[in-house]
Amino acid sequence: MLSIYNSLSNSKELFKPIDPGQVRMYVCGMTVYDYCHLGHARMLVVFDAIFRYLKVSGYRVTYIRNITDIDDKIIKRAIENGETIQQLTERFIQAMHEDTDALLIERPSAEPRATDNIAAIIKMVETLVEKGHAYCADNGDVYYSVGSFAEYGKLSGKRPDDLLAGARVEKDESKRDPLDFVLWKAAKPGEPFWPSPWGDGRPGWHIECSAMSTTQLGAHFDIHGGGQDLQFPHHENEIAQSEACTGQQYVNYWIHNGFVRVNEEKMSKSLGNFFTVRDILKHYQAEEVRFFILNSHYRSPLNYSDEQLDNARAALTRLYTALRGIEETPLGDFGEDYRARFKDAMDDDFNTPEAMAVLFELAREINRLREHDAVSAAQAAALLVELGGVLGLIQSTAENYLKAAPSAKGLAAEDVEALVAQRTEARANKDWAESDRLRDLLKEQGIVLEDSAKGTSWRRE
RNA sequence: GGCUGGGUGGCAGAGUGGUUAUGCAGCGGUUUGCAAAACCGUGGAUGCCGGUUCAAUUCCGACCCCAGCCUCCA
(Lines give C-alpha, C1' and ligand atoms only; values in the text may rest on other atoms or scores of the structure.)
Protein backbone atom coordinates (compact mmCIF):
# COMPACT_ATOMS: atom_id res chain seq x y z
CA MET A 1 0.00 0.00 0.00
CA LEU A 2 1.29 3.38 -1.04
CA SER A 3 1.58 6.04 1.58
CA ILE A 4 2.35 9.66 0.82
CA TYR A 5 3.53 12.49 3.02
CA ASN A 6 0.74 15.02 2.80
CA SER A 7 1.75 18.63 3.38
CA LEU A 8 -1.82 19.34 4.39
CA SER A 9 -1.54 17.15 7.48
CA ASN A 10 2.25 17.10 7.81
CA SER A 11 2.17 13.34 8.03
CA LYS A 12 2.28 10.23 5.93
CA GLU A 13 -1.12 9.00 4.88
CA LEU A 14 -2.29 5.90 3.10
CA PHE A 15 -3.06 6.84 -0.48
CA LYS A 16 -6.64 6.30 -1.54
CA PRO A 17 -7.65 7.70 -4.91
CA ILE A 18 -11.02 9.37 -5.28
CA ASP A 19 -11.94 7.00 -8.09
CA PRO A 20 -10.57 3.48 -7.67
CA GLY A 21 -7.78 2.68 -10.09
CA GLN A 22 -7.44 6.26 -11.25
CA VAL A 23 -5.24 9.14 -10.13
CA ARG A 24 -5.62 12.76 -11.08
CA MET A 25 -2.49 14.80 -10.43
CA TYR A 26 -1.61 18.43 -11.05
CA VAL A 27 1.87 19.89 -10.70
CA CYS A 28 2.89 23.54 -10.98
CA GLY A 29 5.29 23.76 -13.85
CA MET A 30 7.52 26.43 -15.27
CA THR A 31 7.18 30.13 -15.81
CA VAL A 32 8.76 30.34 -19.23
CA TYR A 33 11.09 33.31 -19.42
CA ASP A 34 14.44 31.55 -18.95
CA TYR A 35 16.11 28.16 -19.17
CA CYS A 36 15.39 25.36 -16.73
CA HIS A 37 17.79 25.28 -13.82
CA LEU A 38 18.56 22.37 -11.56
CA GLY A 39 15.77 23.35 -9.19
CA HIS A 40 13.26 22.97 -11.99
CA ALA A 41 14.95 19.74 -12.99
CA ARG A 42 14.39 18.36 -9.53
CA MET A 43 10.68 19.11 -9.61
CA LEU A 44 10.40 17.67 -13.12
CA VAL A 45 12.35 14.49 -12.34
CA VAL A 46 10.70 13.87 -8.98
CA PHE A 47 7.17 14.13 -10.30
CA ASP A 48 8.13 12.14 -13.37
CA ALA A 49 9.25 9.32 -11.09
CA ILE A 50 6.00 9.61 -9.13
CA PHE A 51 4.03 9.58 -12.39
CA ARG A 52 5.87 6.47 -13.56
CA TYR A 53 5.51 4.69 -10.26
CA LEU A 54 1.78 5.36 -10.01
CA LYS A 55 1.40 3.92 -13.49
CA VAL A 56 3.35 0.74 -12.79
CA SER A 57 1.34 0.43 -9.59
CA GLY A 58 -1.65 -0.10 -11.83
CA TYR A 59 -3.30 3.31 -11.76
CA ARG A 60 -4.54 5.15 -14.77
CA VAL A 61 -2.93 8.52 -14.22
CA THR A 62 -3.93 11.88 -15.59
CA TYR A 63 -0.95 14.12 -15.01
CA ILE A 64 -1.33 17.82 -15.70
CA ARG A 65 1.66 20.15 -15.57
CA ASN A 66 0.89 23.72 -16.46
CA ILE A 67 2.93 26.35 -18.24
CA THR A 68 2.77 29.92 -16.99
CA ASP A 69 3.16 32.01 -20.09
CA ILE A 70 1.97 35.38 -18.86
CA ASP A 71 3.24 37.25 -15.81
CA ASP A 72 5.27 40.26 -14.72
CA LYS A 73 8.65 38.65 -15.24
CA ILE A 74 7.75 37.52 -18.71
CA ILE A 75 6.55 40.97 -19.69
CA LYS A 76 9.69 42.53 -18.29
CA ARG A 77 12.01 40.05 -19.98
CA ALA A 78 10.31 40.42 -23.35
CA ILE A 79 10.79 44.17 -23.20
CA GLU A 80 14.45 43.76 -22.21
CA ASN A 81 15.01 41.36 -25.07
CA GLY A 82 13.10 43.46 -27.58
CA GLU A 83 10.89 40.55 -28.56
CA THR A 84 7.21 39.84 -28.22
CA ILE A 85 5.89 37.92 -25.28
CA GLN A 86 4.86 35.13 -27.57
CA GLN A 87 8.30 34.90 -29.16
CA LEU A 88 9.87 34.73 -25.72
CA THR A 89 7.53 32.13 -24.29
CA GLU A 90 7.56 29.92 -27.39
CA ARG A 91 11.32 29.95 -27.34
CA PHE A 92 11.54 28.88 -23.72
CA ILE A 93 8.75 26.34 -23.99
CA GLN A 94 10.75 24.71 -26.73
CA ALA A 95 13.90 24.91 -24.62
CA MET A 96 12.06 23.34 -21.71
CA HIS A 97 10.94 20.47 -23.88
CA GLU A 98 14.48 19.94 -25.07
CA ASP A 99 15.62 19.77 -21.47
CA THR A 100 12.84 17.50 -20.29
CA ASP A 101 13.36 15.16 -23.23
CA ALA A 102 17.08 15.05 -22.50
CA LEU A 103 16.33 14.17 -18.88
CA LEU A 104 14.05 11.34 -20.05
CA ILE A 105 11.03 13.01 -18.49
CA GLU A 106 7.81 11.65 -19.88
CA ARG A 107 5.39 14.19 -21.24
CA PRO A 108 2.45 14.80 -18.92
CA SER A 109 -1.09 14.03 -20.06
CA ALA A 110 -1.49 17.72 -20.85
CA GLU A 111 0.45 20.97 -20.46
CA PRO A 112 -2.17 23.69 -20.35
CA ARG A 113 -1.04 27.28 -20.77
CA ALA A 114 -2.46 30.20 -18.85
CA THR A 115 -3.12 32.23 -21.99
CA ASP A 116 -5.25 29.42 -23.43
CA ASN A 117 -7.44 29.41 -20.34
CA ILE A 118 -8.42 33.04 -19.93
CA ALA A 119 -12.13 32.32 -20.25
CA ALA A 120 -12.04 29.76 -17.44
CA ILE A 121 -10.02 32.15 -15.31
CA ILE A 122 -12.48 34.99 -15.82
CA LYS A 123 -15.36 32.70 -15.04
CA MET A 124 -13.78 31.64 -11.78
CA VAL A 125 -13.07 35.22 -10.75
CA GLU A 126 -16.67 36.11 -11.56
CA THR A 127 -17.93 33.34 -9.34
CA LEU A 128 -15.69 34.46 -6.52
CA VAL A 129 -17.00 38.03 -6.85
CA GLU A 130 -20.59 36.79 -6.90
CA LYS A 131 -20.05 34.72 -3.79
CA GLY A 132 -18.51 37.63 -1.96
CA HIS A 133 -14.97 36.21 -1.83
CA ALA A 134 -13.55 38.81 -4.18
CA TYR A 135 -13.99 42.47 -5.03
CA CYS A 136 -13.00 44.88 -7.72
CA ALA A 137 -10.91 47.72 -6.33
CA ASP A 138 -10.83 51.34 -7.49
CA ASN A 139 -7.74 50.72 -9.60
CA GLY A 140 -9.48 48.02 -11.65
CA ASP A 141 -7.70 45.10 -9.98
CA VAL A 142 -9.81 42.29 -8.61
CA TYR A 143 -8.68 40.96 -5.22
CA TYR A 144 -9.44 37.85 -3.27
CA SER A 145 -10.70 38.64 0.19
CA VAL A 146 -8.63 36.44 2.46
CA GLY A 147 -10.83 37.29 5.45
CA SER A 148 -13.78 35.66 3.68
CA PHE A 149 -12.21 32.21 3.78
CA ALA A 150 -12.14 30.85 7.29
CA GLU A 151 -9.72 28.04 6.57
CA TYR A 152 -7.02 30.27 5.10
CA GLY A 153 -3.64 29.01 6.27
CA LYS A 154 -4.52 25.35 6.61
CA LEU A 155 -1.86 24.20 4.17
CA SER A 156 1.05 26.32 5.32
CA GLY A 157 0.19 26.31 9.01
CA LYS A 158 0.14 30.06 9.01
CA ARG A 159 -2.55 32.09 10.67
CA PRO A 160 -3.67 35.38 9.17
CA ASP A 161 -2.94 37.12 12.47
CA ASP A 162 0.66 35.93 12.41
CA LEU A 163 1.06 37.01 8.82
CA LEU A 164 -0.20 40.47 9.68
CA ALA A 165 2.20 40.66 12.58
CA GLY A 166 5.09 40.00 10.22
CA ALA A 167 6.69 43.11 8.84
CA ARG A 168 6.89 41.93 5.31
CA VAL A 169 3.32 42.27 4.18
CA GLU A 170 3.23 44.88 1.50
CA LYS A 171 0.98 47.85 1.92
CA ASP A 172 -1.29 48.55 -0.96
CA GLU A 173 -3.87 51.32 -0.79
CA SER A 174 -6.32 49.59 -3.07
CA LYS A 175 -6.57 46.40 -1.00
CA ARG A 176 -9.11 46.23 1.74
CA ASP A 177 -6.84 43.94 3.69
CA PRO A 178 -3.07 43.63 3.32
CA LEU A 179 -3.36 39.84 2.97
CA ASP A 180 -5.70 40.07 -0.01
CA PHE A 181 -4.10 38.97 -3.24
CA VAL A 182 -4.78 39.80 -6.84
CA LEU A 183 -6.98 37.65 -9.07
CA TRP A 184 -7.15 39.94 -12.05
CA LYS A 185 -4.76 42.77 -12.87
CA ALA A 186 -5.91 45.82 -14.76
CA ALA A 187 -3.71 46.41 -17.80
CA LYS A 188 -1.27 49.27 -17.75
CA PRO A 189 -0.49 51.02 -21.02
CA GLY A 190 1.55 48.82 -23.32
CA GLU A 191 0.87 45.62 -21.41
CA PRO A 192 -0.86 42.63 -22.94
CA PHE A 193 -4.51 42.31 -21.97
CA TRP A 194 -7.75 40.42 -22.39
CA PRO A 195 -11.20 41.98 -22.07
CA SER A 196 -13.09 41.14 -18.89
CA PRO A 197 -16.12 42.29 -16.90
CA TRP A 198 -13.70 44.53 -14.94
CA GLY A 199 -12.04 46.02 -17.98
CA ASP A 200 -8.95 45.02 -19.91
CA GLY A 201 -6.43 43.10 -17.89
CA ARG A 202 -4.65 39.82 -17.24
CA PRO A 203 -4.84 37.05 -14.67
CA GLY A 204 -3.00 37.07 -11.36
CA TRP A 205 -0.62 34.20 -10.83
CA HIS A 206 -2.48 31.97 -8.40
CA ILE A 207 -5.81 31.92 -10.21
CA GLU A 208 -4.47 30.28 -13.36
CA CYS A 209 -3.62 27.07 -11.49
CA SER A 210 -7.01 26.96 -9.82
CA ALA A 211 -8.72 27.42 -13.16
CA MET A 212 -6.55 25.02 -15.16
CA SER A 213 -6.51 22.24 -12.60
CA THR A 214 -10.28 22.43 -12.17
CA THR A 215 -10.85 22.54 -15.92
CA GLN A 216 -8.65 19.52 -16.49
CA LEU A 217 -9.30 17.42 -13.41
CA GLY A 218 -12.51 18.64 -11.86
CA ALA A 219 -13.16 20.54 -8.65
CA HIS A 220 -11.77 17.78 -6.44
CA PHE A 221 -8.75 15.71 -7.39
CA ASP A 222 -6.11 13.50 -5.83
CA ILE A 223 -2.64 15.00 -5.90
CA HIS A 224 -1.26 18.48 -6.28
CA GLY A 225 2.48 18.99 -6.32
CA GLY A 226 5.20 21.54 -6.72
CA GLY A 227 8.31 22.95 -5.13
CA GLN A 228 8.35 23.67 -1.44
CA ASP A 229 8.51 27.38 -2.13
CA LEU A 230 5.05 27.23 -3.66
CA GLN A 231 3.41 25.97 -0.51
CA PHE A 232 2.95 29.54 0.62
CA PRO A 233 1.48 31.67 -0.72
CA HIS A 234 0.77 30.03 -4.07
CA HIS A 235 -0.84 26.78 -3.00
CA GLU A 236 -2.49 28.31 0.03
CA ASN A 237 -4.11 30.83 -2.28
CA GLU A 238 -5.12 28.15 -4.74
CA ILE A 239 -6.98 26.35 -1.99
CA ALA A 240 -8.70 29.55 -0.91
CA GLN A 241 -9.77 30.35 -4.46
CA SER A 242 -10.84 26.89 -5.48
CA GLU A 243 -12.67 25.88 -2.35
CA ALA A 244 -14.45 29.20 -2.05
CA CYS A 245 -15.46 28.92 -5.69
CA THR A 246 -16.62 25.30 -5.81
CA GLY A 247 -17.60 24.69 -2.23
CA GLN A 248 -15.71 21.37 -2.36
CA GLN A 249 -12.43 20.13 -1.02
CA TYR A 250 -9.88 20.99 -3.69
CA VAL A 251 -7.08 18.44 -3.29
CA ASN A 252 -6.59 15.35 -1.13
CA TYR A 253 -2.78 15.05 -1.13
CA TRP A 254 -0.29 17.90 -1.39
CA ILE A 255 3.26 16.91 -2.31
CA HIS A 256 6.15 19.36 -2.08
CA ASN A 257 9.68 18.62 -3.18
CA GLY A 258 12.66 20.10 -1.35
CA PHE A 259 15.14 22.60 -2.72
CA VAL A 260 18.38 22.21 -4.51
CA ARG A 261 21.14 23.88 -2.57
CA VAL A 262 24.57 25.15 -3.39
CA ASN A 263 26.92 25.45 -0.46
CA GLU A 264 24.08 24.94 1.98
CA GLU A 265 22.12 27.74 0.42
CA LYS A 266 18.99 27.59 -1.68
CA MET A 267 19.63 27.66 -5.40
CA SER A 268 17.65 30.54 -6.79
CA LYS A 269 17.58 33.16 -9.44
CA SER A 270 17.82 36.01 -7.00
CA LEU A 271 20.94 34.59 -5.37
CA GLY A 272 22.43 33.99 -8.80
CA ASN A 273 23.77 30.62 -7.73
CA PHE A 274 21.83 28.49 -10.18
CA PHE A 275 23.02 26.09 -12.83
CA THR A 276 20.96 25.51 -15.92
CA VAL A 277 20.15 22.02 -17.06
CA ARG A 278 21.80 22.59 -20.40
CA ASP A 279 25.03 23.77 -18.82
CA ILE A 280 25.22 20.68 -16.64
CA LEU A 281 24.47 18.46 -19.61
CA LYS A 282 27.61 19.74 -21.29
CA HIS A 283 29.63 17.86 -18.69
CA TYR A 284 27.39 15.08 -17.47
CA GLN A 285 25.04 12.61 -19.05
CA ALA A 286 21.36 13.21 -18.47
CA GLU A 287 21.00 9.95 -16.63
CA GLU A 288 23.67 11.06 -14.18
CA VAL A 289 21.63 14.14 -13.36
CA ARG A 290 18.55 11.99 -12.87
CA PHE A 291 20.48 9.60 -10.66
CA PHE A 292 21.84 12.46 -8.58
CA ILE A 293 18.34 13.85 -8.04
CA LEU A 294 16.65 10.55 -7.20
CA ASN A 295 19.46 9.42 -4.94
CA SER A 296 18.08 11.78 -2.30
CA HIS A 297 14.57 11.60 -0.95
CA TYR A 298 12.38 14.17 -2.70
CA ARG A 299 11.61 16.08 0.48
CA SER A 300 15.24 16.40 1.62
CA PRO A 301 17.50 19.21 0.58
CA LEU A 302 19.67 18.28 -2.37
CA ASN A 303 23.16 19.72 -2.31
CA TYR A 304 24.63 20.36 -5.71
CA SER A 305 28.31 19.84 -6.38
CA ASP A 306 30.45 18.36 -9.13
CA GLU A 307 31.53 15.72 -6.66
CA GLN A 308 27.92 14.60 -6.33
CA LEU A 309 27.58 14.29 -10.07
CA ASP A 310 30.87 12.39 -10.24
CA ASN A 311 29.49 10.08 -7.63
CA ALA A 312 26.38 9.50 -9.71
CA ARG A 313 28.58 8.65 -12.64
CA ALA A 314 30.59 6.12 -10.65
CA ALA A 315 27.40 4.53 -9.38
CA LEU A 316 25.84 4.28 -12.82
CA THR A 317 29.07 2.88 -14.18
CA ARG A 318 28.75 0.07 -11.70
CA LEU A 319 25.19 -0.70 -12.74
CA TYR A 320 25.93 -0.62 -16.44
CA THR A 321 29.13 -2.61 -16.01
CA ALA A 322 27.07 -5.38 -14.48
CA LEU A 323 24.81 -5.35 -17.53
CA ARG A 324 27.62 -5.36 -20.04
CA GLY A 325 27.63 -8.31 -22.37
CA ILE A 326 24.47 -9.84 -20.97
CA GLU A 327 21.45 -10.65 -23.09
CA GLU A 328 18.37 -10.03 -21.03
CA THR A 329 15.85 -12.82 -20.97
CA PRO A 330 12.23 -13.04 -19.84
CA LEU A 331 11.99 -13.06 -16.10
CA GLY A 332 9.66 -15.79 -15.05
CA ASP A 333 9.32 -15.42 -11.31
CA PHE A 334 12.96 -14.55 -10.76
CA GLY A 335 13.73 -12.09 -8.04
CA GLU A 336 10.35 -11.62 -6.41
CA ASP A 337 12.13 -10.60 -3.23
CA TYR A 338 14.01 -7.82 -5.01
CA ARG A 339 10.83 -6.66 -6.65
CA ALA A 340 9.01 -6.65 -3.32
CA ARG A 341 11.73 -4.63 -1.63
CA PHE A 342 11.73 -2.11 -4.43
CA LYS A 343 7.97 -1.78 -4.15
CA ASP A 344 8.07 -1.42 -0.38
CA ALA A 345 10.59 1.38 -0.71
CA MET A 346 8.57 3.24 -3.32
CA ASP A 347 5.33 2.66 -1.45
CA ASP A 348 6.90 4.39 1.53
CA ASP A 349 6.45 7.95 0.29
CA PHE A 350 8.44 7.34 -2.88
CA ASN A 351 11.68 6.44 -1.14
CA THR A 352 13.84 6.40 -4.25
CA PRO A 353 17.21 6.13 -2.44
CA GLU A 354 16.13 2.93 -0.79
CA ALA A 355 14.63 1.63 -4.02
CA MET A 356 17.92 2.34 -5.75
CA ALA A 357 19.79 0.27 -3.20
CA VAL A 358 17.90 -2.72 -4.61
CA LEU A 359 19.33 -1.92 -8.03
CA PHE A 360 22.85 -2.25 -6.66
CA GLU A 361 22.06 -5.49 -4.95
CA LEU A 362 20.83 -6.81 -8.27
CA ALA A 363 24.05 -5.67 -9.90
CA ARG A 364 26.03 -7.67 -7.34
CA GLU A 365 23.81 -10.67 -7.97
CA ILE A 366 24.42 -10.42 -11.71
CA ASN A 367 28.16 -10.27 -11.19
CA ARG A 368 28.05 -13.27 -8.93
CA LEU A 369 25.90 -15.31 -11.28
CA ARG A 370 27.36 -14.42 -14.64
CA GLU A 371 30.20 -16.94 -14.65
CA HIS A 372 28.30 -20.04 -13.70
CA ASP A 373 24.61 -19.36 -14.31
CA ALA A 374 24.09 -17.26 -17.41
CA VAL A 375 20.33 -17.74 -17.43
CA SER A 376 19.83 -16.43 -13.91
CA ALA A 377 22.26 -13.61 -14.58
CA ALA A 378 20.25 -12.62 -17.63
CA GLN A 379 17.05 -12.69 -15.60
CA ALA A 380 18.62 -10.54 -12.93
CA ALA A 381 19.72 -8.14 -15.63
CA ALA A 382 16.21 -7.94 -17.02
CA LEU A 383 14.90 -7.16 -13.56
CA LEU A 384 17.51 -4.48 -13.05
CA VAL A 385 16.50 -2.83 -16.30
CA GLU A 386 12.83 -3.13 -15.43
CA LEU A 387 13.13 -1.65 -11.94
CA GLY A 388 15.55 1.01 -13.12
CA GLY A 389 13.01 1.94 -15.75
CA VAL A 390 10.45 2.74 -13.07
CA LEU A 391 12.76 5.56 -12.07
CA GLY A 392 13.65 6.42 -15.64
CA LEU A 393 17.14 5.00 -15.11
CA ILE A 394 19.10 2.34 -17.00
CA GLN A 395 17.32 3.30 -20.19
CA SER A 396 20.46 3.19 -22.29
CA THR A 397 22.56 0.20 -23.20
CA ALA A 398 25.74 -0.55 -21.30
CA GLU A 399 27.88 0.09 -24.37
CA ASN A 400 26.22 3.41 -25.09
CA TYR A 401 26.46 4.61 -21.55
CA LEU A 402 30.01 3.49 -20.85
CA LYS A 403 31.37 4.79 -24.13
CA ALA A 404 29.50 8.07 -24.23
CA ALA A 405 31.64 11.18 -24.26
CA PRO A 406 29.65 13.79 -22.37
CA SER A 407 32.09 16.62 -22.90
CA ALA A 408 32.33 16.11 -26.67
CA LYS A 409 36.08 16.40 -26.44
CA GLY A 410 38.19 13.32 -26.24
CA LEU A 411 39.07 10.60 -28.64
CA ALA A 412 36.50 9.46 -31.19
CA ALA A 413 35.29 5.90 -30.76
CA GLU A 414 36.89 4.77 -34.04
CA ASP A 415 40.28 6.06 -32.90
CA VAL A 416 39.92 4.23 -29.63
CA GLU A 417 39.03 1.04 -31.45
CA ALA A 418 42.08 1.38 -33.69
CA LEU A 419 44.42 1.79 -30.74
CA VAL A 420 42.79 -1.10 -28.93
CA ALA A 421 43.37 -3.26 -32.02
CA GLN A 422 47.04 -2.26 -32.07
CA ARG A 423 47.37 -3.16 -28.46
CA THR A 424 45.65 -6.50 -28.97
CA GLU A 425 48.26 -7.33 -31.56
CA ALA A 426 51.08 -6.31 -29.24
CA ARG A 427 49.62 -8.50 -26.51
CA ALA A 428 49.40 -11.42 -28.88
CA ASN A 429 53.12 -10.97 -29.44
CA LYS A 430 53.66 -10.63 -25.68
CA ASP A 431 55.07 -7.19 -26.32
CA TRP A 432 54.09 -5.95 -22.86
CA ALA A 433 56.00 -2.70 -23.17
CA GLU A 434 54.06 -1.66 -26.26
CA SER A 435 50.84 -2.91 -24.76
CA ASP A 436 51.31 -0.81 -21.64
CA ARG A 437 52.39 2.21 -23.66
CA LEU A 438 49.11 2.09 -25.57
CA ARG A 439 47.10 1.66 -22.44
CA ASP A 440 48.79 4.63 -20.79
CA LEU A 441 48.21 6.66 -23.90
CA LEU A 442 44.50 5.85 -23.82
CA LYS A 443 44.37 6.42 -20.11
CA GLU A 444 45.52 9.97 -20.69
CA GLN A 445 42.51 10.38 -22.94
CA GLY A 446 40.22 9.14 -20.22
CA ILE A 447 39.84 5.67 -21.70
CA VAL A 448 39.98 2.67 -19.39
CA LEU A 449 40.77 -0.74 -20.84
CA GLU A 450 39.60 -4.03 -19.44
CA ASP A 451 41.13 -7.27 -20.66
CA SER A 452 39.23 -10.49 -20.36
CA ALA A 453 39.23 -13.94 -21.92
CA LYS A 454 36.79 -12.61 -24.49
CA GLY A 455 39.04 -9.75 -25.50
CA THR A 456 39.55 -6.15 -24.53
CA SER A 457 36.70 -3.76 -23.84
CA TRP A 458 36.93 -0.07 -23.15
CA ARG A 459 34.96 2.67 -21.46
CA ARG A 460 35.34 6.30 -20.67
CA GLU A 461 36.14 7.34 -17.12
C1' G B 1 9.06 37.44 15.83
C1' G B 2 5.53 33.30 13.69
C1' C B 3 5.63 28.69 11.05
C1' U B 4 8.25 24.13 8.45
C1' G B 5 11.93 20.68 7.96
C1' G B 6 16.68 18.71 9.38
C1' G B 7 21.43 17.32 12.19
C1' U B 8 23.85 9.51 10.69
C1' G B 9 30.54 6.43 9.45
C1' G B 10 36.11 9.91 5.27
C1' C B 11 32.08 11.78 1.55
C1' A B 12 27.00 11.16 -0.28
C1' G B 13 22.63 9.12 1.63
C1' A B 14 18.45 5.49 3.66
C1' G B 15 16.17 2.40 7.22
C1' U B 16 15.51 0.68 12.17
C1' G B 17 13.44 0.39 19.80
C1' G B 18 17.76 -4.99 20.35
C1' U B 19 20.03 -8.02 14.02
C1' U B 20 23.98 -5.88 6.49
C1' A B 21 21.19 0.01 3.87
C1' U B 22 23.30 1.36 -0.74
C1' G B 23 27.23 3.98 -3.74
C1' C B 24 32.16 6.15 -3.65
C1' A B 25 36.74 6.09 -0.86
C1' G B 26 40.01 2.69 2.82
C1' C B 27 42.12 -2.04 4.35
C1' G B 28 43.06 -7.64 3.54
C1' G B 29 42.37 -11.62 0.05
C1' U B 30 40.96 -14.12 -4.90
C1' U B 31 41.73 -13.01 -10.07
C1' U B 32 45.22 -10.52 -13.84
C1' G B 33 51.47 -10.53 -18.12
C1' C B 34 50.72 -5.67 -15.44
C1' A B 35 46.11 -3.43 -14.82
C1' A B 36 40.92 -2.67 -14.80
C1' A B 37 36.41 -4.82 -13.70
C1' A B 38 34.45 -8.42 -10.51
C1' C B 39 33.88 -11.49 -6.20
C1' C B 40 34.91 -12.67 -0.85
C1' G B 41 36.17 -10.59 3.84
C1' U B 42 36.85 -6.14 6.97
C1' G B 43 37.27 -1.40 10.01
C1' G B 44 34.26 2.96 10.72
C1' A B 45 28.35 6.76 12.53
C1' U B 46 24.04 8.26 14.64
C1' G B 47 24.79 17.18 17.31
C1' C B 48 24.54 17.96 23.03
C1' C B 49 21.94 16.93 27.81
C1' G B 50 18.21 14.62 30.39
C1' G B 51 13.82 11.09 30.50
C1' U B 52 10.84 6.51 29.26
C1' U B 53 12.54 1.25 28.54
C1' C B 54 15.45 -4.92 30.11
C1' A B 55 17.33 -2.19 25.65
C1' A B 56 17.34 4.22 21.94
C1' U B 57 20.61 6.47 16.54
C1' U B 58 15.30 5.15 16.50
C1' C B 59 10.14 7.38 21.35
C1' C B 60 9.58 12.06 24.76
C1' G B 61 11.52 16.92 26.63
C1' A B 62 15.16 20.91 26.88
C1' C B 63 19.43 22.93 24.43
C1' C B 64 22.89 24.02 20.37
C1' C B 65 23.45 24.34 15.17
C1' C B 66 21.74 24.34 9.88
C1' A B 67 18.27 25.20 5.93
C1' G B 68 13.61 27.07 4.28
C1' C B 69 8.78 29.85 4.20
C1' C B 70 6.36 34.48 5.99
C1' U B 71 8.42 39.04 -0.86
C1' C B 72 9.02 36.70 -7.27
C1' C B 73 10.90 31.63 -7.09
C1' A B 74 10.69 24.37 -8.49
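Here is how names work: the chains are called A, B, and so on, in the same order as the sequence lines, proteins then strands, and each is numbered from 1. Just so you know, these numbers use all the heavy atoms, side chains as well, and skip hydrogens, waters and symmetry mates.
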Exercise. Assign A:Asn10 to base, sugar-phosphate, or nothing according to its heavy-atom contacts below 4.0 angstrom with the strands shown.
Key: sugar-phosphate
Quiz item: Closest to the A:Glu361 side chain: B:C69, B:A38, B:U22?
Solution: B:U22
Practice problem: Mind running a 4.0 Å heavy-atom check of residues 362-397 of chain A against RNA chain B and sending the residues that fall below it, in number order? | Solution: A:Arg364, A:Asn367, A:Arg368
Quiz item: With respect to the phosphate group of B:G13, does any side-chain polar atom (N or O) of A:Arg299 fall under 4.0 Å of OP1 or OP2?
Solution: no
Quiz item: Counting any heavy atom closer than 4.0 Å, what does A:Arg423 reach on the DNA or RNA strands: base, sugar-phosphate only, or nothing?
Solution: base
Quiz item: How far, in whole Å, is B:C60 from B:G6 if one measures between their P atoms?
Solution: 11 Å
Quiz item: So, is A:Asn351 near the phosphate of B:G15, with a side-chain N or O under 4.0 Å from OP1 or OP2?
Solution: yes
Quiz item: Reckon A:Gly227 touches a base, only the sugar-phosphate, or nothing at all at heavy-atom distances under 4.0 Å?
Solution: sugar-phosphate
Self-check item: Pairwise C1' distance for B:U32 and B:C39, with rounding to whole Å
Solution: 14 Å
Self-check item: For RNA chain B, the dot-bracket pattern of Watson-Crick and G-U pairs whose distances stay under 3.5 Å, | for other-strand partners
Solution: (((((((..(((.....[...))).(((((.......)))))....(.(((..]....))).))))))))....
Practice problem: Using atom CD of A:Glu288 as one end and atom P of B:C24 as the other, report the distance to the nearest whole Å. | Solution: 14 Å
Exercise. For the side chain of A:Pro233, starting at C-beta, report the closest nucleotide among B:C70, B:A74, B:C24.
Key: B:C70
Quiz prompt | Length of the line joining A:Arg313:CZ and B:A25:P, which is rounded to integer Å | solution = 14 Å
Practice problem: Quote, to the nearest angstrom, the C1' distance that separates B:U57 from B:U16. | Solution: 9 Å
Quiz item: Got a sec? Which of residues 434-444 of chain A come in under 4.0 Å of RNA chain B, heavy atoms?
Solution: A:Ser435, A:Asp436, A:Arg439
Practice problem: Inspect the contact between A:Arg113 and A:Glu208 and indicate whether a charged nitrogen and a carboxylate oxygen are less than 4.0 angstrom apart. | Solution: no
Quiz item: Under 30°, 30 to 60°, or over 60°: which ring-plane class applies to A:His234 and A:His206, parallel, tilted or perpendicular?
Solution: tilted
Quiz item: Does A:Ser300 make a side-chain N or O approach to OP1 or OP2 of B:A14 shorter than 4.0 Å?
Solution: yes
Practice problem: Could you measure between the two C1' atoms, the one in B:G18 and the one in B:G13, and give it in whole Å? | Solution: 24 Å
Exercise. Check every strand shown and say whether A:Val27 touches a base, only sugar-phosphate, or nothing at a heavy-atom separation below 4.0 Å.
Key: nothing
